[in-house]
Amino acid sequence: MSKTLSVANQKPVEGRNQPTIQRPPLPPFTRETAIQKVRLAEDAWNSRDPEKVALAYTIDSRWRNRSEFVNGRQEIVAFLRRKWARELDYRLIKELWAFEGNRIAVRFAYEFHDDSGNSFRSYGNENWEFDENGLMRLRFASINDLPIKESERKYHWPLGRRPDEHPGLSDLGL
């Protein structure tokens, strides 16, 4: 049996044929651990690092993102590279909506501008399903884009992790 090296928020677990990485918190989720999982996902996406984000998903993870279907980590990385090349100054807030067992539902909103300076706020809902190691195996996202003026943007923290003191979606009336 082999092991993988530990990566931030991961610990190695021995597997039969291949190493398995755990991404705590693990299912079944409590309210507290579901909120923690949502924040960890938000933090990863706000890093805008496709390779780092992809590590939270199973090797064969399946997504529906709007009308695009993505399968596996390699396609996730390619998808995120394209996304963040178009969506500049991307900032995201996620909020727990519901959870049960190994599933979590979130609502989210993110802001960005395009290369022409047009600003947008995108609203959406995601349904997530995790394997026993805390890796996301299914992600279904429905998203709507709203053109906004730059002056209407509400997310003003430096690029990267949202500061703990920054209001969440409910606090912002979103």
Side-chain angles (χ1 to χ4, degrees), residues 4-13 19-27 29-66 68 70-99 102-112 121-143 154-169 172 174:
T4 59
L5 296 176
S6 182
V7 177
N9 287 328
Q10 299 180 352
K11 69 178 187 180
V13 174
T20 302
I21 299 291
Q22 285 193 336
R23 295 287 293 222
L26 307 177
F29 298 109
T30 64
R31 179 169 179 73
E32 178 181 292
T33 60
I35 289 170
Q36 182 183 9
K37 197 72 157 178
V38 171
R39 182 58 192 244
L40 289 168
E42 176 188 313
D43 292 349
W45 280 64
N46 276 327
S47 77
R48 296 178 337 278
D49 180 338
E51 288 79 12
K52 175 182 176 182
V53 172
L55 291 175
Y57 300 90
T58 62
I59 295 290
D60 60 350
S61 184
R62 292 182 301 133
W63 288 15
R64 180 185 48 76
N65 194 87
R66 301 175 193 252
E68 189 169 350
V70 178
N71 294 294
R73 283 190 187 153
Q74 289 183 332
E75 288 185 22
I76 290 170
V77 169
F79 170 88
L80 294 172
R81 283 185 181 144
R82 288 190 313 273
K83 173 184 179 61
W84 291 321
R86 290 185 320 266
E87 297 177 355
L88 307 174
D89 290 326
Y90 174 95
R91 290 173 179 82
L92 165 73
I93 300 176
K94 292 182 181 279
E95 186 174 280
L96 177 67
W97 186 255
F99 70 95
N102 68 336
R103 293 180 172 171
I104 295 176
V106 299
R107 66 188 201 94
F108 64 88
Y110 62 88
E111 295 180 344
F112 67 95
R121 184 174 306 119
S122 298
Y123 298 94
N125 299 293
E126 291 177 308
N127 295 315
W128 302 339
E129 183 177 277
F130 295 86
D131 72 4
E132 65 279 359
N133 294 304
L135 296 170
M136 195 183 302
R137 64 177 159 215
L138 296 173
R139 176 183 173 266
F140 303 108
S142 298
I143 307 168
K154 296 178 181 274
Y155 303 176
H156 299 289
W157 67 85
L159 289 176
R161 185 179 193 278
R162 175 174 55 101
D164 292 335
E165 63 277 3
H166 191 283
L169 294 179
L172 291 168
L174 301 174

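Just so we're clear, the structure is a prediction, and the values are computed from it rather than from any experiment. Residue numbers run from 1 in the order of the sequence given.
To the nearest 0.5 angstrom, F140 atom CZ is 7.5 Å from E129 atom CD. Atom NZ of residue K83 and atom CD1 of residue I76 lie 13.5 Å apart, to the nearest 0.5 angstrom.
Proximity of L96 to I104: side-chain heavy atoms (C-beta onward) are separated by under 4.5 Å at one or more points. R39 has its side chain within reach of R162: a pair of non-hydrogen atoms, C-beta onward, lies under 4.5 Å apart. Side chains of E132 and L26 form no contact here, defined as non-hydrogen atoms less than 4.5 Å apart. Between D89 and L159 there is a side-chain heavy-atom pair separated by less than 4.5 Å. The side-chain heavy atoms of L40 and R23, taken from C-beta on, include no pair separated by under 4.5 Å. In this structure, I143 and Y110 have side chains that are in contact, with non-hydrogen atoms separated by less than 4.5 Å.
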Please determine whether side chain to side chain contact (heavy atoms under 4.5 Å, CB included) holds for the pair D60 and N71, giving the CA-CA distance in whole Å, both sets of side-chain angles, and the decisive distance to 0.1 Å. CA-CA 6 Å; D60 60 350; N71 294 294; over 6 Å; no
Under the criterion side chain to side chain contact (heavy atoms under 4.5 Å, CB included), I'd like the reasoning laid out for K37 against K94: C-alpha separation, chi angles, the key distance, then a yes or no. CA-CA 10 Å; K37 197 72 157 178; K94 292 182 181 279; over 6 Å; no
Could you go step by step and tell me if R121 and L174 meet the side chain to side chain contact (heavy atoms under 4.5 Å, CB included) rule? CA-CA 10 Å; R121 184 174 306 119; L174 301 174; 4.1 Å; yes
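Ring geometry for Y90 against W45 counts as tilted: the plane angle lies between 30° and 60°, on a 0 to 90° scale. Ring planes of W157 and Y155: parallel class, angle under 30° (limits at 30 and 60°).
A donor atom on one side chain and an acceptor atom on the other are not found under 3.5 Å apart for N127 and R103.
Using a distance-only test at 3.5 Å, with no hydrogens or angles considered, a donor-acceptor pair links the side chain of R73 to the main chain of A54. In this structure, R137 contributes its side chain and L135 its backbone to no donor-acceptor pair below 3.5 Å. The closest donor-acceptor contact from the side chain of N46 to the backbone of L92 lies under 3.5 Å. Between the E95 side chain and the G168 main chain, no donor and acceptor come within less than 3.5 Å of each other.
The shortest non-hydrogen separation linking G160 to R48 is N-NH1, 4.1 Å. Closest approach of F29 to T33, counting heavy atoms only: CA-OG1, 3.4 Å. Nearest heavy atoms, F108 versus S142: CZ-O, 4.4 Å. Taking both residues in full, the closest heavy atoms of P158 and R91 are given as C-NH2, 4.0 Å, listed atom of the first, atom of the second, then distance.
In this structure, E68 places its CD atom where more than 12 heavy-atom neighbours from other residues, nucleotides or ligands lie under 6.0 Å away. For W84, the CH2 atom is densely surrounded, since the number of other residues' heavy atoms within 6.0 Å is greater than 12. Other residues, nucleotides and ligands contribute only 12 or fewer heavy atoms inside 6.0 Å of the CZ atom of R62.
Residue Y57 forms a ring-ring contact (aromatic ring centres under 6.0 Å, His included) with just one option from F130, F79, W128, W63, and that option is W63.
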